[in-house]
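We use all heavy atoms of the structure for the numbers below, so side chains are in, but hydrogens, waters and symmetry mates are not.
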Amino acid sequence: MSGSKAFFIVAAFSFLLCSVVSLPEYCGKPTEAKTLGLPEGFKLKQTHVIIRHGDRVRAAYHGPCWDGDKAIWDCTLTSASLPAIKHDSHYIVVDRIYRRGYLNGRESDAGDCAIGHLTLEGYKQQELNGQILRKVYVDTGFLKSNFSSTEMYLRSDDESRTMQSAQALILGMYPPATIASDRAQVADINTMDKLFDSIEPNTMLCPKLSEYNHGFLKTDMWRHHYNGITKPLLLEVQKALGSNKTLGSGGCSHTLYLPIAVTRKLDIDGLDDLVDCIHTHQCHGFAIPPGITDDLFKRMVDELLYRWNSMYLYPSREKYATVGIGFLIKDIWQEVMESLTGESLRKFLLYSGHDGTIQPFLSAFNVTDFKWPPYASFLMLEILEVTGTPQASTPQYAVRMLYNGELLKFPFCDANPCPMDQFEAYVNTIIPHNPAEDCKVSDPEVLNQKPIRFLPNRDG
């Protein structure tokens, strides 16, 4: 079947521990594969796949999660590499590679896992996603049967879990050759310094984002919510953890030795760290504090989601997106334009990121489900060429978006797929057109921050 004929989308969450039926949805709860054919009169031109990394250990360290934590983390998954000259060749001769290993018992948590490390389960989640995408894009003839650096573009932030997630997904799409060889194909994964990266909203890249975050926390809406819901919840969580201490802001001298609930003020950010601890423990069957009931934990998660989803709308959805995830959307939009004008031959573009990539991306297009993106979630933005308009003087295009196998409907479009002119008009409201002006700040608390560097416009 050619890429211009009936095309289907298959999406599923994968998880190694599929036999564990009680895993929360956050863990990448397995679902049945779903298929969705292209509407009659369309063929695929280009696709952008945005993923959240797979299952991991906790991502931030502010001391042990809680007193008596017995979890021991086994990172069977590691990485191996060798020095290489940048862009020297698409193949290299391999006589030795160097494998990274973390010293057992010397890491922040018991075991041999670094903070935020991708687990073997997380790797297999993405490998299965890659196998699904192979059926969608390779087996249908849209992409070549072998990996092509001309057709494929891979991007990740400079974190091991996102890098390895991208590697696992591509391995699933293009399994290694069965014939052994001392030559290895080179697949470039493009990345950026964390300070400059736009794969998530970045206050260092655009300090106006920090001003909006500060401004939201000063609104009557948030203050009312905080006093009525957040503050009592934080006290309830403190009690559930069994700590009767008066919690202060926490000093760096204690951060490495005492549990989170003792070392730092249990503010909304401390709650975020604690929820991450509980999520990662639940996904691996480790015990959590008995005082954290299912109901209490649900309210903890809901509290974080309320804050994030509300913040994405301040001072408006479009303004917040412009100074945040709009930088990534602009990169994607430039790739779309270069494809439509024939300047680029790229057909499949992968962006390996985080929940903090997918959540604001969905919010920017007003298609969010307000839920936490599970591990190995993926979002697909497909550029379609209209084939059902005979005698058209110029090619006509449309766009559709799918999230974990579900077709989304843009509220700003009259049809689905969305006509390109309507999609383009909306995109122009959520991307930065003049970053130097868009990112200017007036809040005295933020004025000392300056953009380190703006991403250059490739069109000048």
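For the residue pair Ile358 and Ser377, the shortest heavy atom distance occurs at CD1-O, 3.8 Å. In terms of heavy atoms, Asp197 sits closest to Ser156 at OD2-O, 4.4 Å. Across all non-hydrogen atoms, the minimal contact from Asp272 to Leu304 is CA-CD1, 3.7 Å. The nearest pair of heavy atoms linking Ile325 to Pro360 is CG2-O, 3.7 Å. Of all non-hydrogen atoms in Lys409 and Val367, the two that sit nearest each other are O-CG1, 3.5 Å. Closest of all the heavy-atom pairs between Glu303 and Thr230 is OE2-OG1, 2.6 Å.
Taking the six-membered ring for Trp, His279 and Tyr375 have ring centres at least 6.0 Å apart. Taking the six-membered ring for Trp and the full ring otherwise, Trp333 and His48 have centroids separated by 6.0 Å or more. In summary, the aromatic rings of Tyr314 and Tyr320 are positioned with their centroids too far apart to meet the 6.0 Å limit. A ring-centre distance under 6.0 Å is found for Phe361 and Phe365.
Ring geometry for Phe142 versus Tyr137: interplanar angle of 30 to 60°, hence tilted. Below 30°, between 30° and 60°, or above 60°: for Trp308 and Trp372 the angle between ring planes is above 60°, a perpendicular geometry.
In this structure, Ser310 contributes its side chain and Arg307 its backbone to no donor-acceptor pair below 3.5 Å. In this structure, the side chain of Asp188 does not engage the main chain of Asn190 through any donor-acceptor pair within 3.5 Å. Here the side chain of Arg134 pairs a donor or acceptor atom with the backbone of Met173 at under 3.5 angstrom. Side-chain atoms of Ser165 come within 3.5 Å of backbone N or O of Arg161 as a donor-acceptor pair. Remark: the backbone N or O of Ala71 is not paired with any side-chain donor or acceptor of Asp109 at under 3.5 angstrom. Checking side-chain atoms of Asp158 against main-chain N and O of Lys194 turns up no donor-acceptor pair under 3.5 Å. Looking at Asn366, its side chain never comes within 3.5 Å of a backbone N or O of Phe410 through a donor-acceptor pair. Gln125 places a side-chain N or O within 3.5 Å of a backbone atom of Cys27 that can act as its donor or acceptor partner. Remark: side-chain polar atoms of Arg52 are paired, donor with acceptor, to backbone N or O of Pro373 under 3.5 angstrom. Between the side chain of His117 and the backbone N or O of Cys113 there is no donor-acceptor pair closer than 3.5 Å.
Within a 6.0 Å radius of CG in Leu235, other residues, nucleotides and ligands contribute more than 12 heavy atoms. Atom CG of Asp294 has 12 or fewer neighbouring heavy atoms from other residues, nucleotides or ligands inside a 6.0 Å radius.
Between Gln126 atom CD and Gln167 atom CD the span is 11.5 Å, to the nearest 0.5 Å. In this structure, NZ on Lys124 lies 10.0 Å from CG on Leu128, to the nearest 0.5 angstrom. Taken to the nearest 0.5 Å, the CD1 atom of Ile430 stands 4.0 Å off from the CD1 atom of Ile329. The structure places OG1 of Thr78 at 11.0 Å from CG of Leu118, a figure rounded to the nearest 0.5 Å. Once rounded to the nearest 0.5 Å, the distance linking CG of Asn146 with CE of Met152 reads 11.5 Å. Note that the OG atom of Ser198 and the OH atom of Tyr351 stand 10.0 Å from one another [nearest 0.5 Å].
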Candidate pair Glu151 and Arg346, rule salt bridge (Lys or Arg N to Asp or Glu O under 4.0 Å), full reasoning: CA-CA 4 Å; Glu151 288 187 338; Arg346 291 170 177 167; over 6 Å; no

Derivation of the salt bridge (Lys or Arg N to Asp or Glu O under 4.0 Å) call for Arg299 and Asp295: CA-CA 6 Å; Arg299 286 186 285 124; Asp295 173 72; 3.1 Å; yes

Full working for salt bridge (Lys or Arg N to Asp or Glu O under 4.0 Å) between Arg56 and Asp276: CA-CA 10 Å; Arg56 57 160 172 78; Asp276 189 43; 2.9 Å; yes

Worked check of side chain to side chain contact (heavy atoms under 4.5 Å, CB included) between Lys43 and Leu384: CA-CA 5 Å; Lys43 67 177 182 180; Leu384 311 176; over 6 Å; no

Audit row: Ile50, Ile332, side chain to side chain contact (heavy atoms under 4.5 Å, CB included) steps and yes/no: CA-CA 10 Å; Ile50 304 167; Ile332 292 173; 3.9 Å; yes

Intermediate values then yes/no, side chain to side chain contact (heavy atoms under 4.5 Å, CB included), Leu305 and Val301: CA-CA 6 Å; Leu305 290 173; Val301 171; 3.9 Å; yes

Test salt bridge (Lys or Arg N to Asp or Glu O under 4.0 Å) applied to Asp331 and Arg155, step by step: CA-CA 11 Å; Asp331 286 350; Arg155 176 172 169 182; 2.8 Å; yes

Intermediate values then yes/no, side chain to side chain donor-acceptor pair (under 3.5 Å), Asp69 and His281: CA-CA 10 Å; Asp69 182 10; His281 278 62; 3.0 Å; yes

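Under the 4.5 Å side-chain criterion, counting only non-hydrogen atoms from C-beta, Met401 is in contact with Leu379. Residues Thr119 and Val57 have side chains in contact (heavy-atom distance under 4.5 Å, counting atoms from C-beta outward). The shortest side-chain heavy-atom distance between Val237 and Leu234 does not fall under the 4.5 Å cut-off. Taking 4.5 Å as the limit, some side-chain heavy atom of Ile278 sits within range of a side-chain heavy atom of Gln282. In this structure, Leu408 and Leu362 have side chains that are in contact, with non-hydrogen atoms separated by less than 4.5 Å. You'll find the side chain of Leu381 stays beyond 4.5 Å of the side chain of Thr47, heavy atoms only. Contact annotation: the side chain of Cys439 approaches that of Phe327 to within less than 4.5 Å [non-hydrogen atoms, C-beta and beyond]. Leu340 places a side-chain heavy atom less than 4.5 Å from the side chain of Ile383.
The ring-ring contact (aromatic ring centres under 6.0 Å, His included) check on Tyr153 picks up nothing, with sequence neighbours excluded. Remark: Tyr306 engages His225 in a ring-ring contact (aromatic ring centres under 6.0 Å, His included) (not counting sequence neighbours).
Among Thr357, Thr191, Thr162, the single residue meeting the side chain to side chain donor-acceptor pair (under 3.5 Å) criterion with Asp157 is Thr162. Partner of Tyr212 under the side-chain contact (heavy atoms from CB on, under 4.5 Å) criterion, out of Thr322, Val323, Thr203, Leu217: Val323 alone.
A donor atom on one side chain and an acceptor atom on the other are found under 3.5 Å apart for His284 and Asp55.
Salt-bridge check for Glu211 with Lys208: passed, with a basic side-chain N closer than 4.0 Å to an acidic carboxylate O.
For Lys70 and Phe286, the positive end is not near the middle of the six-membered ring at less than 6.0 Å and at most 45° from its axis.
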